[in-house]
Amino acid sequence: MSLASWMTSTSCSASMTQTSDDTFLSVAIQWLRFVFLSPCPQRALLSSIDILFLLILFLFAVQKLYSRFTSNGNSKLELDKPLIRISSRASLEITLWFKLTLSVTVLLAISYTIACILVFIRNTQLPWKLVDGLFWLVQAATHVVIAILISHEKRFEAFTHPKSLRTYWVVNFIVISLFSTSGIIRFVEEPKDASFRLDDIVSLISFPFSLFLLFIAIEGSTGIILTSEIEPFLNEENKIYEPPLIKSNVSGFASASVISKAFWLWINPLLNKGYKSPLKIDDVPTLSPEHRAERMSALFESKWPEPQEKSEHPVRTTLLLCFWKEMAFTAFLGVVRICVMFVGPMLVQSFVDITSGKRSSIYQGYYLVLILFIAKFVEALASHQFNFNCQKVGMLIRSTLLTSLYKKGLKLTCSARQEHGVGQIVNYMAVDAQLISDMMLLLHSLWMMPVQVSISLVLLYKYLGLAVITTMLGIIGILMFIIICIKNNNFFQFNVMMNRDTRMKSVNEMLNYMRVIKFQAWEEHFNNKIQSSRQSEFEWLTKFTYSIAANVVVMWSTPVIISTFTFGTAILLGVPLDAGTVFTATSTFKMLEEPIRSFPQSMLSLSQAMMSLGRLDKYMRSRELLDSVEREEGWDGATAVEVKDGAFSWDDDNGEEALKNIDLKIRKGELTAIVGTVGSGKSSLLASILGEMHKISGKVRVCGRTAYVAQTSWIQNGTIKENILYGLPMDRQRYKEVIRVCCLEKDLEMMEYGDQTEIGERGINLSGGQKQRIQLARAVYQDCDVYLLDDVFSAVDAHTGSEIFKECVRGSLKNKTILLVTHQVDFLHNVDLILVMRDGMIVQSGKYIDLLDSGMDFKALVVAHESSMELVEKGAILPGESSHIRSNSIKADPTYRESKGENISLDQPKSDKETSKLIQEEEKETGIVSPHIYKLYFTEAFGWWGVAVVVLLSLLWQVSLMAGDYWLAYETSEKRAMLFDPWLFIYVYTILGAVSILFILLRSFSFAILGLKTAKDFFTQILHSILHAPMSFFDTTPSGRILSRLSTDQTNVDFLIPLFVNMALAMYFTVLGIFIVTCQNAWPTVFLLIPLVWLNIWYRGYYLATARELTRLDSITKAPVIHHFSESISGVMTIRCFRMQEKFSEENVNRVNANLRNDFHNNGTNEWLGFRLELLGSFILCFSALFMIMLPSSVIKPENVGLSLSYGLSLNAVLFYAIYMSCLIENKMVSVERIKQFINIPSEAAWQIKDRLPPPNWPLHGNIEIKDLQVRYRPNTPLVLKGITLSIAGGKKIGVVGRTGSGKSTLIQVFFRLVEPSGGRITIDGIDISIFGLHDLRSRFGIIPQEPVLFEGTVRSNIDPIGQYTDEEIWKSLDRCQLKDIVASKPGKLDSLVVDNGENWSVGQRQLLCLGRVMLKSSRLLFMDEATASVDSHTDATIQKIIREDFATWTIISIAHRIPTVMDCDRVLVMDAGCAKEFDKPSSLLQKRSLFAALVQEYANRSAGI
């Protein structure tokens, strides 16, 4: 029986569909087709569902009534309970959601009632009239009951629909879809049969309503919300965390109706605002509560596998558990899209038949156009909702990962943190999280492609018969090629990422220690190191790019290749080829292009994401720090800190014991000093008490809250006030007291903006002493019970150290328990307990006198100190009243007087706070991306010739494709039917196909070569620019800004921009081809082109105004996330000690939310544009189709209709992608813009000046003349050095002393020209140093900087980075700086590992290694900036002896806080507030009323005066 007969039959018997020779499979298919698509079974099915639903409601009602009569005294209460969940809350609001649901249900009830009446009054056979009428009556009754039930929901305050109703809506939608499908088939196959016309119209009308109710069923919400509470009603998962939000600034998505969400109307206010003026960060609404990072983080934690589950892939598992519902919904949208996308190709034959005069009705053509438009409308809506929801899931995943990775970073053990490294962890956040997020858009292609291919093959079989086998084999061959390519791509991509990690690690290290690199003139060494990593990365990137280019060639050639082989097979099999068959096939081949093209991209994206997930799995499973310390918050008992039988290691896996046999008990309120030589384990002991080390054995107990001041200062980017308060509220009196006891009053007076002065990244604009005192003030302000102070006096001068000890340690903290690591033997008389350490053990403990009597280690330390003090004592004990003068000189000199707080700028910060910002807001371009940026990018590699070549190749490719299609139309025309030569046809078509493949091959590889050359040039330029940037640039630019340009932005330039430009150019030429073909055949369409082009340009401009700014804001708000993470990791011990993890996690969440709100609204604007552009394309297609059926057949030929439709069906998608790709390019061009900003950084002076080379042996004598030297760090800031004039004879040793912040370190920076003088000059051996190139100058000087810096690598690479010395020379240097035995004891000797920042070496050992570097350098001029601040007195004395012996003829300028260090200098320079106050021999200064004499007296007497 034919399809049409049983589709229009009123019979309920399935026997009519069978014949005697049918196979079992065909019978089963026919039976299923009959049950689901024939009128009678359909009505029986839906009526059964309706009756079952009504029966369930009836049973619920009976149960409620029964409960009323059987309950005791609660009948009224029980009866008032509805059939659904209720809430006792009273104050409600009815939203549009509720009203729409009720309205749709009432409309359906009315429609079905009208249908029922019309059925009974029309002239049809009685049995069917009765069946059909009762069916519509049941439908009407069911929807009347549902309307009553929904009203019941309002009365009883239900927030979700009952499950029975939601289930009914889902099933009802499926059956109504079957009704609509049957109606469309009947209309197409039998347009004259009107017996079911009424039923089909009602079914088609009810379909969109049923679709709406399906959305309601999935969502579940009734649209009734509470108004008496801040929180809206959410399901249990939504209640994890909901912060209060300012309603007016929340995304419109949060309160949008279904219609608004469906058509992206909620984004209109933001687009309008962005179109009127460039968006600012505050203009972008915050995320909806359900999308915020805090909720995502809590959800992720709640789904994380338990340890006993031993999950191999915990990150992947958790993400699936968190987001499976969202993924299922996007899959449903994908199914809808697939269902409608094949309607167009199925209609091509019908359009060709109509233009051939085979129409069955005068209205048939119009019906076809209407069906085509509806299909295209649904396809556009489903496609863009699919894209938006996939991107939304991706955004939520990224939000989840960013917050979870941050929290994990705060929990890592020390060895786990070192294993990953900051640079690699930055990549986890910046790259891996983004790759996993991006994967969501392509994830569904993995199952959609096989489904689309299967449908295509079935459709092709109908027209081409067994020739479809060739199509299938062609697809399989192409997919096999793709799989091989993907395997290669995975390998290439993995190596690209590995080398990118290495490069970013080197870049991060370079940025962190740029000051040291410039001092040592090592820029070229680091340039070579980074370029070497980049070269390895670039080699793999080249292979990866060429592999992708090969993929693109195959993907874009797929329709041509498959159609050639398929048509050839059809000719061999004798399948007739007419216009309808050929262009239906070509339309289907073009449909195949999209899934086959996206499939390898999705596989590639999946493989990248799986690699990223593997990396994140490893990171998230890294060892967490277990709190091995027993903490007691109360103050019961006398013991504050106790360690019993302690053995600790820095390695998690029971590695070498760093501390062993530790037994100590410290009473509450005691001051305990921990002393010992360099590397004896002093800092490790504090870390073990904090719980930062792996406890191998023993017990640690701490009573009360702990505070920690690290040896290496950790300062946050923010104001001084914010650093001291550290999240606590302001207590003005306590705050002033803390400032006073930490000796910060004078520093704040000297700063123009007082405590509102912003501190640069890593405290870069503060002296070492200022940083140390600020972090000490932070600890004191916290008012904890136990204080762990790690060598807090090393970076401060003698006077300040004494003041801090008296006023802070023995003053404000006198009742606190303090553990003080120190090398200052002077203070040890005044402590309650001394612990002496050696080789990780406490070898002595007790009081000062007791330990001195016992001899051993402690006595050796004291003897070394006393010998260094002999010269000081000699200078301090002078005849007459000079002692009295010296002791009072500090008070006498107004420049050295300590402020008592009356005039300090705490209460009245300067009004112009904006100018106090050191770290300025990131520069952000506004408006369109400048044409200059495009020119810069496109012409960078080969100038305009490169652009011309790729454009020409793209044009020739499109022309060759069109030539092939015109050949098809020509050969399949009716007039050629008699002359048709199949072999000529396929021969010419094959040649044209081969030509098009050749052009796309040339085009793809031309783009690859162009893109790679441009990327290489850009990276070289930005690295060159950064390395040549002055030090002030790094002082004022957070490293996150630089890192984001060298990671995310460089990745865009490396790969994405060339790929997008390639695609966009191809799309625009394709659109041009479609317009030419369509307008040629349906010439009235030409009149629509002008408004279409105008609308596209307007939409693009309207959209871009907002999207461009959102992309820029997205880039700008990414850097703070990375910077905060990097900052937090470096200060994690301090954060954990103060139990501030929660506060820092909240800050991370805020920064993630600030970034993702731009991303979310950017996705919304993309799909807003896409839907509207696709709708425009659909209008043009339908109008051109309308003109084709209206024009007489003498004007338009059937083969041209087929050709036009085969092109036009892809118009909506191609038009959108062309515009979208151009917008995407503009957005990605922001990366070029950002890189350009840093390529154009003002450069410091030249490194080498060929005609101004210093003499070979310069400086020969080391004579220095400083004349009226004035220095300021930046324009419009106060002078830091104020007119210094000095004369230093060659070979002399100059000691520089003064308060912290007095300008000592700045003076050294001027010699190296890290800061250029604002006035005056410096001459060495009679030559002005400003005439030389910077490297020529810096390489002739030796320096040991204030902060000892080691680079990741080995001992050899740290002491001799450039590799210009022999092992013998290196060992000799290590011997002279007291490190030979330590290095020789390590298994690797000179190749012993040095981790990032040298964290596996003590600070003292790091400083000795830095000394070793200088000893290798044959320089006549040496600068020492507190070079021995972190070593004990014995080691210091040894180093000073080495310096006296080895550098006897050198000119040495040494900054020191230890008076013994400068007592044997030839001259002493005393600096204060940027001025040279005194400059003379130490003995001469001691004879006068001088600042130096006062310092010496203070140093000599500080122990006695405490």
Side-chain angles (χ1 to χ4, degrees), residues 237 240 293 295-331 390 392-413 415-417 419-421 424-447 483 486-487 489-498 500-501 599-626 652-653 1125 1152:
E237 279 189 359
I240 291 175
R295 181 184 180 277
M296 294 299 104
S297 175
L299 182 64
F300 187 82
E301 287 177 17
S302 69
K303 303 289 185 183
W304 185 259
E306 295 295 329
Q308 59 267 24
E309 295 178 32
K310 296 181 180 177
S311 175
E312 288 295 317
H313 305 288
V315 177
R316 187 195 316 170
T317 304
T318 308
L319 290 176
L320 283 172
L321 289 172
C322 289
F323 300 109
W324 69 269
K325 290 180 183 177
E326 288 83 356
M327 291 179 188
F329 178 64
T330 53
C390 285
K392 187 175 76 175
V393 175
M395 181 203 75
L396 296 179
I397 286 174
R398 183 161 161 255
S399 170
T400 303
L401 290 175
L402 289 178
T403 49
S404 302
L405 291 171
Y406 182 86
K407 285 185 177 179
K408 181 70 178 182
L410 296 183
K411 297 175 183 176
L412 289 178
T413 62
S415 61
R417 199 165 61 249
E419 179 188 352
H420 294 280
Q424 197 167 328
I425 296 172
V426 165
N427 260 3
Y428 294 155
M429 298 187 76
V431 179
D432 291 307
Q434 188 67 53
L435 284 172
I436 295 167
S437 171
D438 293 343
M439 175 197 66
M440 296 314 300
L441 190 58
L442 295 166
L443 179 66
H444 293 288
S445 296
L446 297 173
W447 62 265
I483 289 166
I486 285 171
K487 189 176 178 183
N489 289 345
N490 288 348
F491 179 64
F492 298 150
Q493 177 73 1
F494 176 76
N495 282 285
V496 169
M497 291 169 74
M498 290 292 289
R500 186 178 297 148
D501 280 352
F599 184 71
Q601 290 178 4
S602 63
M603 289 291 284
L604 176 62
S605 180
L606 180 66
S607 65
Q608 290 175 348
M610 294 306 289
M611 280 191 287
S612 293
L613 283 167
R615 286 148 59 96
L616 296 189
D617 279 332
K618 182 182 176 185
Y619 174 72
M620 293 297 286
R621 291 163 68 191
S622 296
R623 192 77 61 90
E624 291 185 6
L625 193 69
L626 301 173
D652 295 338
D653 300 315
F1125 182 77
V1152 170

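All residue numbers in this chain count up from 1 along the given sequence. As the structure is a computational prediction, the values presented were derived from the model and not from experiment.
Considering all non-hydrogen atoms of both residues, Cys390 and Met440 come closest at O-CB, 3.5 Å. Closest heavy-atom contact between Gly394 and Ser437: O-OG, 2.9 Å. The heavy-atom pair separating Met497 from Ser612 by the smallest distance is CE-OG, 3.8 Å. Considering every non-hydrogen atom in both Ile397 and Met327, the closest pair reads CD1-CE, 4.3 Å. For the pair Ser622 and Lys408, the tightest heavy-atom approach, listed with the atom from each and the gap, is O-NZ, 2.9 Å. Closest of all the heavy-atom pairs between Ile436 and Ala609 is CG1-O, 4.0 Å.
Note: Leu435 CG to Met610 CE = 13.0 Å, rounded to the nearest 0.5 Å. Expressed to the nearest 0.5 Å, how far CG of Leu616 lies from NE2 of His313 amounts to 13.0 Å. With values rounded to the nearest 0.5 angstrom, Leu410 atom CG is found 11.5 Å from Leu625 atom CG. From Arg316, atom CZ reaches atom CG of Asp617 across 7.0 Å, with rounding to the nearest 0.5 Å. We find the NZ-OG1 distance between Lys303 and Thr400 to be 12.5 Å, quoted to the nearest 0.5 Å. For the atom pair CZ (Arg295) and CG (Leu396), the distance works out to 8.5 Å, reported to the nearest 0.5 Å.
Residues meeting the salt bridge (Lys or Arg N to Asp or Glu O under 4.0 Å) test with Arg615, sequence neighbours left out: Asp432, Asp501. In this structure, Asn495 has no side-chain hydrogen bond (donor to acceptor under 3.5 Å, both in side chains) partners at least two apart in sequence or on a different chain. Under the side-chain hydrogen bond (donor to acceptor under 3.5 Å, both in side chains) criterion, Thr330 pairs with His444, not counting sequence neighbours.
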Go through the steps to decide whether Leu401 and Tyr428 satisfy the test side-chain contact (heavy atoms from CB on, under 4.5 Å), and finish with yes or no.
CA-CA 9 Å; Leu401 290 175; Tyr428 294 155; over 6 Å; no

Could you give me the CA-CA distance, side-chain angles and deciding distance for Phe494 and Asn489, then say whether side-chain contact (heavy atoms from CB on, under 4.5 Å) is met?
CA-CA 8 Å; Phe494 176 76; Asn489 289 345; over 6 Å; no

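Side chains of Met296 and Phe323 form a contact here, defined as non-hydrogen atoms less than 4.5 Å apart. Leu319 has its side chain within reach of Phe300: a pair of non-hydrogen atoms, C-beta onward, lies under 4.5 Å apart. Between Met620 and Leu405 the shortest side-chain heavy-atom distance falls below 4.5 Å.
Between the Ser297 side chain and the Ala293 main chain, no donor and acceptor come within less than 3.5 Å of each other. Using modelled atom types, no side-chain atom of Ser399 and backbone atom of Met395 make a donor-acceptor pair closer than 3.5 Å.
Around CZ of Phe329, the count of heavy atoms belonging to other residues, nucleotides or ligands within 6.0 Å exceeds 12.
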